[in-house]
Amino acid sequence: MSYQMMGSVMDAEDIVQDVFLSLEEGDGTQIRNAKSYLCKMTVNRCLNKLKSASRQRETYVGPWLPEPYAAVSDDPMDQYIIKESLTTAYLLLLHQLSDMERIVFLLREVFTLPFSEIATIVGKSEGNCRQIDYRARRSLAQQPETRSEVRAVGVRHVETFIQALATGNMNLLLDILKVDATLYTDGGGKAQAALRPIVGSKIVARYFEAIRPKVPQDFVCELREVNALPGIVIKTGPFTFSVISIQIENDLISNVYIVMNPEKLLHFNL
DNA sequence: GTGTGGTTACAACGAAAGAT
DNA sequence: ATCTTTCGTTGTAACCACAC
């Protein structure tokens, strides 16, 4: 939930660690409702971080994408966590909501807390929380579906993608991209990236053609699930150069998300 | 005027309690 | 055991206040 709030793996880990640290310091016996108490601590820390994060995001260069998260183990818990709720598209939609809408929505969705408890956690009236949640759900109603059979197609497309990148034959891309496919690149002003989303299969293919010479010669592609979407991790030596994930619609690629911002790729280098 | 956020009202639903 | 009533919760809409 912390990751869904922040859109950042590092921040989420910091917050969770911080919450557990203060739990150890405090006297646990006094806490009657542990679930609600933990939620409140997490929410407060998320809000604090978001206040400073929103200032930074106002000056963010180019499109902002959530930090990519790739499942690395066969741990069933990881598999559970990485399901549809963490797709890049879904996280992007979540981050279109206001902070309060996102908190109320996630407290309801993830922890299935009653509105009375959510109200005490966020310090608002019960009715207001219901309304906030209702409005959040209405905003999210346009959420794209990600069915499992779509994934198999996605993996095939990712392989084609890698082939196109490796050979430079961008015509391969035109066959698997929707005509109105959109490319989102997040360089955060630190890596070379497009300042606006790129729309149209031909223009997207041309973009990849243009950036191909800039990709280090010794790059290695790893086929990985990124934010529950089929994806590619591009590495040069131990360093992650960029992380690409793709969204499938009607058996074709509708959206391509590329994260090149080195700050968002740090945990891939660990 | 418009958008955003809060309050209030109300219908629908399900669970719990009581009556038969 | 089954039916009825009550009550709390939820989803939704309408309205209001405020900032821009």
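Being a predicted model, the structure only gives us computed values, none of them experimental.
- With sequence neighbours excluded, the residues forming a side-chain contact (heavy atoms from CB on, under 4.5 Å) with A/I203 are A/I198, listed by chain and number.
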Collect all protein-nucleotide pairs involving nucleotides 8-10 of chain C in which both atoms are nitrogen or oxygen and the distance is under 3.5 Å.
| unit_1 | atom_1 | unit_2 | atom_2 | d |
| --- | --- | --- | --- | --- |
| C/dT10 | OP1 | A/R108 | NH2 | 3.4 |
| C/dT10 | OP2 | A/F115 | N | 3.3 |

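- Within the structure, no pair that satisfies the ring pair (Phe, Tyr, Trp, His ring centres under 6.0 Å) test touches residues 120-140 of chain A, not counting sequence neighbours.
- Checked by atom type and distance alone, the side chain of A/S254 pairs as donor or acceptor with a backbone atom of A/Q247 at under 3.5 Å.
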Practice problem: Would you mind building the protein contact string for nucleotides 13-20 of chain C? One character per nucleotide, 5' to 3', B for base within reach (heavy atoms under 4.0 Å), S for sugar-phosphate only, - for untouched. | Solution: BB------

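- Considering only residues two or more places apart in sequence or on other chains, A/T182 meets the side-chain contact (heavy atoms from CB on, under 4.5 Å) condition with A/Y184, A/P197, A/V199, A/N255.
- Taking atom CG on A/N128 and atom P on C/dT12, their separation rounds to 16 Å, with Å as the unit.
- Every side-chain contact (heavy atoms from CB on, under 4.5 Å) that A/T160 has, sequence neighbours left out, goes to A/L172, A/I176.
- Applying the side chain to side chain donor-acceptor pair (under 3.5 Å) test to A/E222 and every residue at least two apart in sequence or in another chain returns A/R224.
- Partners of A/D133 under the side chain to side chain donor-acceptor pair (under 3.5 Å) rule, at least two apart in sequence or in another chain, are A/R137.
- A/F208 pairs by the ring-ring contact (aromatic ring centres under 6.0 Å, His included) definition with A/F161, not counting sequence neighbours.
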